[in-house]
Amino acid sequence: MGMAPGSCSRPPLLLLLLLLWVGGRLAVLAMRVEPGGPGPEESGDGGLPAGGRVKRGWVWNQFFVVEEYTGTEPLYVGKIHSDSDEGDGSIKYTISGEGAGTIFLIDELTGDIHATERLDREQKTFYTLRAQARDRQTSRLLEPESEFVIKVQDINDSEPRFLGGPFIGSVAELSPVGTSVMQVTASDADDPTYGSSARVVYSVLEGEQHFSVDSKTGVIRTAVANLDRETQDRYEVVVRATDMAGQLGGLSGSTTVTIVVTDVNDNPPRFPQKMYQFSIGETAPVGTVIGRVKAEDADVGENTDMTYQVQGEEGLGAFRVTTDSSTQEALISVHQPLNFEAQAVHTVVLEALNKFADPRLTDLGTFRDQTIVRVSVLDVDEPPEFQPRSGPLEVQEDAAVGSVVGVVSALDPDLAGSPVRYAIDRSTDLEWIFDIDPESGAITTCQGLDREAAGWHNITVLAMEADNPAQVSRTTLRIRILDVNDNPPELATPYEAAVCEDAKPGQLIQTISVVDRDEPQSGHRFVFTLAPEASGSPHFALLDVEDNVAAVHTQRPAFNRQEQDLFLLPILVVDSGPPALSSTGTLTIRVCGCDSSGSIQSCNATAYVVPASLSPGALIALLVCVLILVVLVLLILTLKRHQKGHLSSEEDEDMRDNVIKYNDEGGGEQDTEAYDMSALRSLYDFAESKGGGGGEGEGGGPGLPSERHSLPQWGQAPDTDFSLFRDYISRKVGQADADPSVPPYDSFQAYAFEGADSPLASLSSIASRSTGSEQDFSYLSSWGPRFWQLAALYAGRRREDGREEA
């Protein structure tokens with residue numbers, strides 16, 4: 001079986017088809033059955049013949065088909081032929097694989113293969129198929145299935161394309177010729193291994209005056225050396241790519257490349273003006289901004305950052321220049337106080353220079369510029385100025401009232417000889433210790449001075465124009481009070497010492513030190529002696545140890561506290577003056593009993609032992625605690641007594657304010673454990689009868705109260721007396737009726753209703769229409785011991801009502 005390529009009917013392709021036909025003649029597949037072998041027999045699976053040896057061989061090349069075929073008839077690809085084909089149509093040729101039956105069709109009788117669709121090599125370069133030869137009657141496979149390839153032959157049908165756009169590159173201005181900017185690459189979909197269809201060359205269509213492109217690599221380079229960003233900062237370059245190595249008939253594509261020219265610091269700062277003028281008042285405080293000046297720079301970014309500085313000695317001290325980092329402006333401010341009278345006009349040379357200069361561009365010149373700034377100082381009405389002083393004022397503390405401490409002076413800077421008035425800010429001298437002459441400025445004392453009370457005084461002096469008191473200036477004066485010896489020395493503390501009865505002569509008892517409120521310039525020097533009345537004391541001696549300290553020693557071998565247990569030793573202390581002052585202090589010495597080690601056991605015939613671990617502070621704290629406890633006990637007793645007296649108030653006390661509420665039903669009349677009856681009984685005062693024993697008098701009436709006692713226990717006595725309650729209520733009602741300013745008190749009694757099924761009748765007097773005399777409460781006695789007192793109460797009331805009716 002062999003395959004042969006077909007030919008194309010189109011004249012331009014005659015040569016190509018002729019070559020393909022010649023190559024196809026070589027693709028012949030021969031299959032022979034050796035002679036002498038048995039005839040062909042079908043195998044059990046309907047495959048190749050069984051028995052005998054069959055010699056087969058496939059000899060062929062690839063099939064080729066041209067892409068982009070535009071003819072109306074199917075394109076002939078090739079032919080499949082078997083040696084056993086005798087032309088009688090007994091062999092059936094079939095193909096399978098990629099495109100079989102759709103793109104590629106085969107003639108079952110002749111084996112001719114045709115392409116029915118337009119092929120594109122850029123989409124698929126080859127197709128793999130399998131060929132079979134079968135017996136048409138039995139479908140027996142006459143030859144083994146074999147695989148072959150149909151390659152799509154390329155033609156130049158795809159133009160170069162630039163992928164990955166847009167293309168944006170950058171190059172620094174003033175770059176030398178040939179500086180690489182960027183690289184562009186075009187791709188061609190044609191077969192790079194066949195012909196020159198995919199060989200691409202590059203060229204510049206637009207922008208060739210400033211840029212060039214490498215024809216093979218597509219690298220864009222600068223063509224000139226004077227690219228200036230300030231003149232043009234962006235270029236649009238059109239690059240073209242052509243296939244077929246640029247030959248005639250090749251396809252081409254183009255793209256636009258944007259090239260941005262970046263800035264370099266090639267422009268120095270320039271001031272728009274050669275002179276600037278500003279004005280400011282002479283009283284402007286230090287730090288006040290006078291004006292802003294800005295130098296222009298044609299560069300961008302950090303290349304415009306600049307600094308400003310003052311040139312020349314004239315403007316260095318009075319003014320200060322800083323740079324505003326956000327606006328790149330020079331801020332001119334006051335650095336020292338200005339004075340119109342001293343200098344009315346200042347001329348400042350201001351220089352601007354780039355902060356980041358490029359050393360490669362130094363040949364272009366100096367990157368700095370200068371301008372002149374004239375500052376006019378305006379005259380302002382200023383307050384007087386104090387003449388400076390070298391130090392504080394000093395005055396002796398014993399200076400007489402009205403003594404001159406010092407003189408302050410102030411001058412009007414606007415007008416020489418203008419009168420100035422002086423005063424003291426009294427908020428700094430509330431006690432009016434000093435005064436000042438309003439015209440001369442002499443400061444005098446208004447009262448006596450005391451260095452020990454205040455050694456320094458700080459006062460504020462005001463100076464103002466006589467014609468315009470609103471113009472005021474201030475200065476602070478420090479006045480030092482000089483010391484004079486006007487305070488005698490005194491003992492540092494009230495000294496007390498103790499000496500043992502068996503003390504030996506020369507034993508140290510106490511060390512004495514003194515204090516002196518004065519501060520002599522040469523320092524303190526004190527002399528200690530015993531007072532004249534004790535100079536001949538046989539018991540003690542005073543020794544001056546020459547360190548402003550004296551020591552007291554014993555002179556006799558022993559003391560007897562039975563004879564004398566207390567010594568008062570007067571000590572005379574004299575300072576060094578001048579004038580020398582002295583004072584006498586007393587040292588209290590107690591004679592005490594001591595043990596063998598010298599520890600004090602008792603003094604003044606009263607023994608005491610002070611533990612070593614208990615300090616005097618702890619003893620004081622203990623005494624304070626005891627005193628507080630005593631005070632608390634007394635306070636509690638006083639409060640209890642006051643409460644008891646309050647409960648035992650007068651007879652006309654308002655009973656409504658003394659209500660004891662328990663909120664507990666309790667156990668009845670005889671339950672004395674649930675209530676504190678003493679609180680109730682103490683609210684009332686009951687009196688016994690005049691005849692004693694609480695009985696009635698001779699006339700049968702109630703007795704007068706004779707003493708205070710608790711609420712009586714009501715018994716079964718039929719003659720119970722309710723006159724006390726009735727008199728009290730009547731008296732209160734009369735008081736309330738007689739007082740128009742006091743609103744009457746409402747009395748509301750609430751009775752709980754037991755219900756309709758209670759076997760006992762109600763005791764309430766509200767539902768009863770009969771008088772008390774018509775009711776009989778004797779049945780209450782039959783209710784038990786708990787109601788006996790209630791029965792006695794109502795029985796007594798009934799008898800009392802009967803007597804009133806009689």
Side-chain angles (χ1 to χ4, degrees), residues 12 16 62 64-70 98 118-127 149-264 300-301 360:
L16 177 62
Q62 300 179 14
F64 293 91
V65 60
V66 179
E67 68 170 337
E68 302 297 341
Y69 172 71
T70 58
E98 296 178 338
R118 184 177 180 180
L119 303 181
D120 188 359
R121 192 205 64 84
E122 286 72 30
Q123 294 182 359
K124 191 171 181 62
T125 58
F126 64 90
Y127 297 86
V149 175
I150 300 177
K151 291 194 64 174
V152 181
Q153 191 70 40
D154 181 51
I155 63 173
N156 189 20
D157 61 341
S158 298
E159 70 278 2
R161 295 184 179 182
F162 291 92
L163 305 178
F167 297 97
I168 300 176
S170 62
V171 63
E173 62 177 331
L174 303 180
S175 296
V177 176
T179 301
S180 176
V181 179
M182 65 179 301
Q183 183 181 14
V184 293
T185 303
S187 61
D188 196 320
D190 292 327
D191 188 1
T193 63
Y194 182 78
S196 300
S197 299
R199 291 182 59 187
V200 179
V201 295
Y202 302 93
S203 61
V204 177
L205 291 181
E206 297 180 10
E208 65 274 7
Q209 301 89 348
H210 302 92
F211 299 94
S212 63
V213 64
D214 190 291
S215 61
K216 295 182 179 180
T217 62
V219 176
I220 301 174
R221 303 179 184 274
T222 57
V224 294
N226 59 350
L227 291 177
D228 187 8
R229 188 203 64 81
E230 289 73 28
T231 303
Q232 185 175 353
D233 62 350
R234 185 182 297 266
Y235 292 89
E236 303 290 339
V237 179
V238 179
V239 179
R240 179 175 63 184
T242 306
D243 59 7
M244 297 296 292
Q247 298 176 5
L248 184 64
L251 303 179
S252 64
S254 62
T255 186
T256 300
V257 180
T258 301
I259 299 176
V260 179
V261 181
T262 59
D263 184 59
V264 297
V300 294
R360 299 174 299 177

Beyond-backbone contact of Thr242 with Val201, side-chain heavy atoms, under 4.5 angstrom = yes
Show your reasoning for whether side chain to side chain contact (heavy atoms under 4.5 Å, CB included) applies to Arg199 and Gln247.
-> CA-CA 10 Å; Arg199 291 182 59 187; Gln247 298 176 5; 5.8 Å; no
Roughly how far, to the nearest 0.5 Å, is CD of Glu206 from CZ of Arg240?
-> 11.0 Å
Would you say Asp243's side chain and Leu251's backbone share a donor-acceptor pair under 3.5 angstrom?
-> yes
Is there side-chain contact between Glu173 and Glu230, with heavy atoms separated by less than 4.5 Å?
-> yes
For Arg118, salt bridge (charged side-chain N to carboxylate O under 4.0 Å, His left out) partners two or more places apart | Glu68
Check: Gly253 main-chain N/O paired with Glu159 side-chain donor or acceptor under 3.5 Å = no
For the atom pair CG (Leu174) and OG1 (Thr262), what is the distance rounded to the nearest 0.5 Å?
-> 10.0 Å
Do Tyr202 side-chain atoms and Ala186 backbone N/O form a donor-acceptor pair below 3.5 Å?
-> yes
Taking atom CE of Met182 and atom CD1 of Ile168, what is their separation to the nearest 0.5 Å?
-> 8.5 Å
Do you know the tightest heavy-atom contact between Ser158 and Asp188?
-> O-OD1, 3.0 Å
Work out which heavy atom in Ala225 is nearest to a heavy atom in Val177; give both atom names and the distance.
-> N-CG2, 3.7 Å
Are the side chain of Thr222 and the backbone N or O of Pro176 linked by a donor-acceptor pair below 3.5 Å?
-> yes
Reported CG-to-CG distance for the pair Asp263 and Asp228, which is rounded to 0.5 angstrom | 9.0 Å
Here the gap from Phe162 atom CZ to Thr185 atom OG1, rounded to the nearest 0.5 Å, amounts to 8.5 Å
Locate the shortest heavy-atom distance separating Ala172 from Val264; write the atom from each residue and the value.
-> CB-CG1, 4.2 Å
Trace of the side chain to side chain contact (heavy atoms under 4.5 Å, CB included) decision for Leu119 with Tyr127 | CA-CA 11 Å; Leu119 303 181; Tyr127 297 86; 3.8 Å; yes
On a heavy-atom basis, the closest approach of Val224 and Gln209 is CG1-O, 3.4 Å
Nearest heavy-atom contact between Lys216 and Asp214 is N-OD1, 3.0 Å
Closest non-hydrogen contact found for Leu163 with Ser187 is CD1-OG, 3.5 Å
Where at least one partner belongs to residues 220-241, residue pairs that pass ring pair (Phe, Tyr, Trp, His ring centres under 6.0 Å), sequence neighbours excluded | His210-Tyr235, Phe211-Tyr235
Glu236/Arg234 salt bridge by N-O under 4.0 Å criterion = no
Ignoring hydrogens and geometry, is there a side-chain-to-backbone donor-acceptor pair from Arg121 to Lys151 under 3.5 Å?
-> no
Counting only heavy atoms not in Lys124, do more than 12 fall under 6.0 Å of its NZ?
-> yes
To the nearest 0.5 Å, what is the distance between OG1 (Thr179) and CD1 (Ile220)?
-> 13.5 Å
